[in-house]
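FYI, side chains are in, hydrogens and waters are out, and symmetry mates aren't considered; it's all heavy atoms of this structure. So you know, we letter chains A, B, ... as the sequences are listed, proteins then strands, and number each from 1.
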2 protein chains.
Amino acid sequence: MSHCHTLIQNLRQNGYRITPQREMIIESLAHQPGHQTAEQVFDQVKTRTRSVNIATIYRTLDLLVSQGLATRTSLCEGEVVYATRQHGPHIHLVCRQCGCLINADSGLMVGVSDQLQALYGFDADLQHISITGLCTACQHNSPQGG
Amino acid sequence: MSHCHTLIQNLRQNGYRITPQREMIIESLAHQPGHQTAEQVFDQVKTRTRSVNIATIYRTLDLLVSQGLATRTSLCEGEVVYATRQHGPHIHLVCRQCGCLINADSGLMVGVSDQLQALYGFDADLQHISITGLCTACQHNSPQGG
DNA sequence: CTCGTTATTGCGAATGGTCGCAATAATATT
DNA sequence: AATATTATTGCGACCATTCGCAATAACGAG
């Protein structure tokens, strides 16, 4: 069973209706190796059907995120991207000065994840997040580096 | 020297002009114990002067964040709030199902911060962030708890 | 297959936030 | 104090996203 079928089955089991729009949106996300913006998902779905509205794109992406089936990540310049859980786990390091992006290994967050579960009973989504801060270059250019 | 004067001096030293609007926005943030939305900052500044525009509020808040003098945090239901660095460090745990908020101690992130600096030369802002996931109650209500 | 229930959709309006640009004003220089 | 430079502002237009609601359609029952 392919990944998008898994996602669709998941929604069905949670009592959600599987509309053609939802299937196409899920397929668009599942078949993309990286992440994409809501606009990109919309553009891709529009090539398959005229009968889809941007509001439906946003609603469905929100549903997938709230069900833990996709992640929403803020990258540089406020760009918001979505990806399925199958998208390889990693951390986006976003410099708040120059806006550059650095990918980091999400294994760094294992300890934090365990502690959040132990101390607060919270199951954190830490496999695909973005962290802001200063890159090496900008630390040397700014008195706020500390 | 009060906190807002510190922030203002910081901007001046970094070559930014200190306009009356900026002073009032900084004072609004510095004098608030918690965090507030851009709209709340705007409402507060509007009680002092008519001569301020919402675009200026957003530009100034963005400047403070990019200079590391304030933090921007996404809470539940997409609400974005701002706070100065003096606002006590903590982590917001945001449940992506029910939207509840749990505050966690930011000390959990010390190890991660050190590793990001050591491995990637990245100075992460981890003292005041939000992490999404599932709270204890929602883990038991959802098959995606794992 | 038909039908009733109700979740979901498309749509235009609304909201939160950003952009381009002329006008304004902070600041440095004289 | 006057003046030039140029950063910053207010404004309306625009963009990304969400909202309310009537119409549509997925799904279960018979």
A.B. asks: In residues 28-57 of chain B, which ones come under 4.0 Å of DNA chain D, going by heavy atoms?
C.D. replies: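 Output list: B:S51, B:V52, B:N53, B:A55, B:T56.
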A.B. asks: Tell me every residue that passes side chain to side chain contact (heavy atoms under 4.5 Å, CB included) with B:H31, counting only those two or more places apart in sequence or in another chain.
C.D. replies: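 B:H31 satisfies side chain to side chain contact (heavy atoms under 4.5 Å, CB included) with B:C4, B:E27 once adjacent residues are dropped.
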A.B. asks: Who are the side chain to side chain contact (heavy atoms under 4.5 Å, CB included) partners of A:T19, not counting sequence neighbours?
C.D. replies: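 Here the qualifying residues are A:Q21, A:R22.
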A.B. asks: Would you indicate which nucleotide in D:dA7, D:dA26, D:dC11 comes nearest to any side-chain atom of B:R17?
C.D. replies: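 The nucleotide sitting nearest to the side chain is D:dA7.
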A.B. asks: In this structure, how many angstroms lie between the P atom of D:dC27 and the CD1 atom of A:I8, rounded?
C.D. replies: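 For the pair A:I8 CD1 and D:dC27 P, the rounded distance is 11 Å.
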A.B. asks: What are the 5'-most and 3'-most nucleotides of DNA chain C lying under 4.0 Å from any heavy atom of chain B?
C.D. replies: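 Reading along DNA chain C, I get C:dG16 to C:dT27.
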A.B. asks: Would you please say whether a donor-acceptor pair under 3.5 Å links the side chains of A:N103 and A:H92?
C.D. replies: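 Yes, because at least one side-chain N or O of A:N103 sits under 3.5 Å from a partner of the opposite role on A:H92.
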A.B. asks: Does some side-chain heavy atom of A:I91 sit less than 4.5 Å from a side-chain heavy atom of A:D105?
C.D. replies: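 A side-chain contact under 4.5 Å is absent here.
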A.B. asks: In whole angstrom, what separates A:E23's CD from D:dA25's P?
C.D. replies: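 Atom-to-atom, A:E23 to D:dA25, this comes out as 15 Å.
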A.B. asks: Do B:Y16 and B:Q67 have side-chain atoms, one donor and one acceptor, less than 3.5 Å apart?
C.D. replies: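 Yes, because at least one side-chain N or O of B:Y16 sits under 3.5 Å from a partner of the opposite role on B:Q67.
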A.B. asks: For B:C135, is there any backbone N or O sitting under 3.5 Å from a side-chain donor or acceptor partner on B:Q139?
C.D. replies: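 Answer holds: yes.
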A.B. asks: Salt bridge between A:D62 and A:R59, side-chain N to carboxylate O under 4.0 Å?
C.D. replies: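 Not counted as a salt bridge, because no side-chain N and carboxylate O are separated by less than 4.0 Å.
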A.B. asks: Name the residue closer to the 5' end of DNA chain C, choosing between A:R22 and B:Y82 according to the nucleotide with the nearest heavy atom.
C.D. replies: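 Whichever sits nearer the 5' end wins; that is A:R22.
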A.B. asks: Given the rule in the salt bridge (Lys or Arg N to Asp or Glu O under 4.0 Å) test, do B:D125 and B:R85 qualify, once you have shown the distances and angles that lead to the verdict?
C.D. replies: CA-CA 10 Å; B:D125 300 325; B:R85 292 297 203 123; 3.2 Å; yes
A.B. asks: Kindly calculate the angle separating the two end axes of the helix from C:dC1-D:dG30 to C:dT30-D:dA1, each obtained from five base pairs, and round it to 10 degrees.
C.D. replies: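 Axis-to-axis angle, ends of the helix: 30°.
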A.B. asks: Please compare B:Q21 and B:R72 by the position of their nearest nucleotide in DNA chain C and report the one closer to 5'.
C.D. replies: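 Nearest nucleotide further toward 5': that of B:R72.
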A.B. asks: Does the side chain of B:M24 come within less than 4.5 Å of B:V52's, by heavy atoms?
C.D. replies: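 Sidechains of B:M24 and B:V52: no contact.
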A.B. asks: For A:Q44, check side chain to side chain contact (heavy atoms under 4.5 Å, CB included) against everything at least two apart and list the hits.
C.D. replies: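 Expected list: A:S28, A:Q32, A:Q36.
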A.B. asks: Out of curiosity, B:L61 CG to B:S66 OG, how far, rounded to the nearest 0.5 Å?
C.D. replies: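 Separation between the atoms: 11.0 Å.
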